[in-house]
S.K.: 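The structure under discussion is supplied below as structure tokens; questions concerning it will follow.
Just so it is clear, the structure is predicted and the values come from calculations on it, not from any experiment. Chain letters run A, B, ... following the sequence lines, proteins first, then strands; residues in each count from 1.
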Number of protein chains: 2
Amino acid sequence: MGRPERHATIADVAALAGVSVGTASKALNGRGSLREETRTRVREAARQLSFQANAGARSLHSGRTYTVGMITTDTIGRFSIPVLMGAEDALGAGEMSVFLCDGRDDPIREQYYVKTLLSRRVDGIIVTGRRTEARMSIGPNLPVPVVYAFISSADPGDCSVVPDEAGGARKAVEHLLAVGRTRIAHVTGPEHHNSARVRAAAALERLAEAELEPVAPPLFGGWSEAWGRQAVGILLAGRAEFDAVFCGSDQIARGVSDALRAAGRRVPQDVALVGFDNWDVMTEGAQPPLTSVDMDLEGLGRSAAEMLLSAINGTASPGRHEHPCRLVVRESTIVPLA
Amino acid sequence: MGRPERHATIADVAALAGVSVGTASKALNGRGSLREETRTRVREAARQLSFQANAGARSLHSGRTYTVGMITTDTIGRFSIPVLMGAEDALGAGEMSVFLCDGRDDPIREQYYVKTLLSRRVDGIIVTGRRTEARMSIGPNLPVPVVYAFISSADPGDCSVVPDEAGGARKAVEHLLAVGRTRIAHVTGPEHHNSARVRAAAALERLAEAELEPVAPPLFGGWSEAWGRQAVGILLAGRAEFDAVFCGSDQIARGVSDALRAAGRRVPQDVALVGFDNWDVMTEGAQPPLTSVDMDLEGLGRSAAEMLLSAINGTASPGRHEHPCRLVVRESTIVPLA
DNA sequence: GAAACAAAGGAAAACGATTGCCGACAAGTT
DNA sequence: AACTTGTCGGCAATCGTTTTCCTTTGTTTC
């Protein structure tokens, strides 16, 4: 029952093993010159007391805490999670622990967290968020390295790792061209949203390279299924025929898919469909499953964490780094045989 | 450019203010008896050096770190996030920082994290996961309090905060009865899954209290939309008529909704539909929007964190605590007027 | 048998902050 | 003038570890 009263200290271990604290420390860390018998005796004592060295006291001496802070500027969401997990994974392998801070879009809260993290002497900070848009630097000259992941910093001197959304959009269009579609529409999120603009521009550019025009100007709206459904109405009402739709998100794509089916158009036979995000719930829930662009957020997070680790070890890599997207092909663009 | 070389220490502050370290400390913490002028002089020096007391050094003295560890036993997912955020919120208000650890269903990894957290001298640990099922205690007698959130511990001496899934299921059925439905079916997840069994049993029980039988035995399958669609096939093939389906998840409900529409049954006129989880993507994406049971995971997380704080302060509340669910009514159960 | 040397482990000084105790000085009381 | 009282700040111990320097042994060598 009950919990052990307090944590064992190295003094307890030393006493039990009948040596001095210094010797105990050396024994446990493989330093100094000690008899093997002494080492094992100390190790045994430590085991018996389930001794775990106090990391705080240790870092007091070493100057490093082996912790990093992770701040999500807006609420932790669908996009931050994989980034976060990738980072946590990469950092965990380097024996670093992660402080999680949820900024909730509140600059005050954010600054409070920065202060707290600094007082905890984190070795570095990762900043992430829910949109790729550039944001203000969290602090002009902090005493520790900072890496922005997914989101990017407005200060070009900061290190940011962002998805190559333009590249992803180009891959989507390229794939549609490769499966023989030429009358392509684009339905995407709100125009004030950076991602929507970037993806749309890249898609148009790739079409132009193939000497094609979109069947209609890009349709900007929202990121939701409802907008996808609505957009199909607009497309069908227009006089132009279309044989493919590249959507700015999987949710939009799913709405488009449902509406097309309701209107009697078959996917992919009549209209091929590509989404963006590769969100399993949507890609697998849609009928047929959706081809989609995957931003590899987990990889991005891992990569950001690795950059942070390098920066901590002295080699910073300032600037904006684009992490490649990849296309995941499913039945919404491939006409089944027979 | 570059970063400030190192963190200022209280010794730097003291030197700049022309006082001793002890005095500086007192000035900054409002202890001891000092002239107001001295205090402001020290504070000014601290501001100038942007001094932030080293939390590690401080906790060495106080014995408390004001940090807690948060372990997700399986991967951080849709269910852990809100729990996590609620907890982070409650803890942040108490000035505590959170270490995030992703156990990934790997007991080795998990034990490693427990060790790490203990070495970091966290004041407490919250354990969460993706299923409500009881799991083994993460450690029989750890030196710090532990609270299980969402998931529960197999050891009844541990403190667990779990959603009242049975209560939620009862509310769902009650609502269907209240809107006049009597021929109710239940489609849910795999039978080996604790949540599926508990919810099904509670639903049946509530029906029995109204002296009703379900129109068919509960249909156990998966949690997916695909299963929902498939289940509709089974129900329609059966000879029994039904006027409502209570689904074990929103994804199932959405599948059911789509399949019913495809089969020409109107929701809610012909069949009323209730889901579980109140997952916005599904409830809003479905047509019409879904009535659903909300487990209030954020509230649950907050509540767990509060229990942890009490435990840290000496008043533990061992045992299993059920957090109430609430029903969110939408158009899938309410027939529109005229 | 004495000097030289290596091996093993102890003593103490850091690291950064807090805090109890004590000394110095000024002001007020007989 | 000698005392008490109170105010202000400095000194040093403390927290748990690591690490540098020493001291104590025991062994080797001439």
Side-chain angles (χ1 to χ4, degrees), chain A residues 4-43 45-46 49-67 115-116 118-123 143, chain B residues 4-43 45-46 49-67 116 118-123 143-144:
Chain A
E5 283 317 299
R6 48 181 216 91
H7 293 272
T9 74
I10 200 168
D12 300 330
V13 174
L16 182 56
V19 297
S20 73
V21 249
T23 305
S25 170
K26 287 172 202 158
L28 294 173
N29 298 303
R31 295 278 155 69
S33 67
L34 304 179
R35 252 180 311 159
E36 189 51 35
E37 187 262 325
T38 313
R39 278 190 206 286
T40 54
R41 189 150 41 88
V42 173
R43 272 199 286 266
L49 300 172
S50 47
F51 167 77
Q52 285 285 122
N54 182 324
R58 179 177 264 169
S59 59
L60 198 52
H61 203 264
S62 68
R64 287 208 38 190
T65 56
Y66 295 91
T67 57
K115 275 212 165 64
T116 309
L118 290 181
S119 87
R120 295 202 184 276
R121 295 295 187 271
V122 292
D123 294 334
Chain B
E5 284 317 300
R6 46 181 218 88
H7 293 271
T9 74
I10 200 167
D12 301 330
V13 174
L16 182 57
V19 296
S20 74
V21 217
T23 305
S25 170
K26 286 170 199 160
L28 294 173
N29 298 302
R31 295 279 156 69
S33 67
L34 306 179
R35 247 179 313 159
E36 190 50 35
E37 188 263 325
T38 313
R39 278 191 206 284
T40 54
R41 190 150 41 89
V42 172
R43 274 199 285 264
L49 300 172
S50 48
F51 167 77
Q52 285 284 123
N54 183 324
R58 179 176 263 169
S59 60
L60 200 50
H61 204 262
S62 68
R64 287 211 33 194
T65 56
Y66 295 92
T67 57
T116 310
L118 290 181
S119 87
R120 295 202 184 277
R121 295 295 187 270
V122 291
D123 295 333
V144 296

S.K.: Report which part of the nucleic acid A:Thr9 touches: base, sugar-phosphate, or nothing (heavy-atom distance under 4.0 Å, all strands).
M.R.: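 The answer is sugar-phosphate, as A:Thr9 gets under 4.0 Å only of primed atoms, P, OP1 or OP2.
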S.K.: Tell me whether the side-chain N/O atoms of A:Arg31 come closer than 4.0 Å to OP1 or OP2 in D:dT19.
M.R.: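 Answer is yes, contact under 4.0 Å.
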S.K.: Does A:Thr23 or B:Arg41 map to a spot on DNA chain D nearer the 5' end, using the closest nucleotide for each?
M.R.: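 Residue closer to the 5' terminus by nearest nucleotide: B:Arg41.
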S.K.: Check step by step if side-chain contact (heavy atoms from CB on, under 4.5 Å) holds for B:Ile10 and B:Ser25.
M.R.: CA-CA 7 Å; B:Ile10 200 167; B:Ser25 170; 3.7 Å; yes
S.K.: Rounded to the nearest angstrom, tell me the gap between atom CZ in B:Arg64 and atom C1' in D:dT14.
M.R.: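 In whole Å, D:dT14 C1' lies 20 Å from B:Arg64 CZ.
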S.K.: When you match A:Glu36 and A:Val21 each to their closest nucleotide on DNA chain C, which lands nearer the 5' end?
M.R.: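 Final value for this comparison: A:Glu36.
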S.K.: Are any of B:Ser33's side-chain N or O atoms less than 4.0 Å away from OP1 or OP2 of D:dG9?
M.R.: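 For B:Ser33, the contact criterion (side-chain N or O under 4.0 Å from OP1 or OP2 of D:dG9) is not met.
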S.K.: With respect to the phosphate group of C:dA7, does any side-chain polar atom (N or O) of A:Arg35 fall under 4.0 Å of OP1 or OP2?
M.R.: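 No, because none of the side-chain N or O atoms of A:Arg35 sits under 4.0 Å from OP1 or OP2 of C:dA7.
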S.K.: Given atom CD of B:Glu37 and atom C1' of D:dG9, what is their separation to the nearest angstrom?
M.R.: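 Rounding to the nearest Å, CD of B:Glu37 and C1' of D:dG9 are 13 Å apart.
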S.K.: Assess whether a salt bridge exists between A:Glu36 and A:Arg41, defined as any Lys/Arg side-chain N lying under 4.0 Å from an Asp/Glu carboxylate O.
M.R.: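 No, A:Glu36 and A:Arg41 are not salt-bridged.
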S.K.: If I take atom CD in residue B:Gln52 and atom C1' in nucleotide C:dA17, what distance separates them, rounded to the nearest angstrom?
M.R.: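 About 14 Å, once rounded to whole Å.
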S.K.: To the closest 0.5 Å, what do you measure between CZ (B:Arg58) and CG (A:Leu60)?
M.R.: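 The distance works out to 13.5 Å.
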S.K.: For A:Ser20 and A:Thr23, does a side-chain donor sit closer than 3.5 Å to a side-chain acceptor?
M.R.: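 Yes - a donor-acceptor pair under 3.5 Å links their side chains.
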S.K.: Which of these passes side-chain contact (heavy atoms from CB on, under 4.5 Å) with A:Phe51: A:Leu28, A:Asp12, A:Val42, A:Leu16?
M.R.: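 With A:Phe51 as partner, A:Leu28, A:Asp12, A:Val42, A:Leu16 yield a single side-chain contact (heavy atoms from CB on, under 4.5 Å), made by A:Leu28.
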S.K.: Round to the nearest Å and state the distance from A:Leu34 atom CG to D:dT25 atom P.
M.R.: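 It works out to 18 Å between those atoms.
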S.K.: So what does B:Arg121 hit on the nucleic acid, given a heavy-atom distance under 4.0 Å: a base, only sugar-phosphate, or nothing?
M.R.: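 The answer is sugar-phosphate, as B:Arg121 gets under 4.0 Å only of primed atoms, P, OP1 or OP2.
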S.K.: Contacts to DNA chain D from residues 54-63 of chain B, heavy-atom cutoff under 4.0 Å, which residues?
M.R.: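 Under 4.0 Å from DNA chain D: B:Leu60, B:His61.
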S.K.: In whole angstrom, give the distance that lies between atom CD1 of A:Ile10 and atom P of C:dC15.
M.R.: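 Result: 19 Å.
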S.K.: How long is the line joining CG of A:Asn29 and C1' of D:dG16, in whole Å?
M.R.: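 For the pair A:Asn29 CG and D:dG16 C1', the rounded distance is 13 Å.
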S.K.: Return the value, rounded to whole Å, for the distance between atom NZ of B:Lys26 and atom P of C:dT18.
M.R.: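 In whole Å, C:dT18 P and B:Lys26 NZ are 12 Å from each other.
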S.K.: Could you check how far CG of A:Leu118 sits from P of C:dG16, rounded to whole Å?
M.R.: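 Distance check: A:Leu118 CG to C:dG16 P gives 16 Å.
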S.K.: State, to 0.1 Å, how close B:Arg121 and B:Thr65 come at their nearest heavy-atom pair, and which atoms those are.
M.R.: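 Scanning both residues completely, I find the closest heavy atoms to be O-OG1, 2.7 Å.
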S.K.: Of the non-hydrogen atoms in B:His7 and A:Pro143, which two are nearest, and what is the gap between them?
M.R.: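 Residues B:His7 and A:Pro143, closest heavy atoms: CE1-CG, 3.5 Å.
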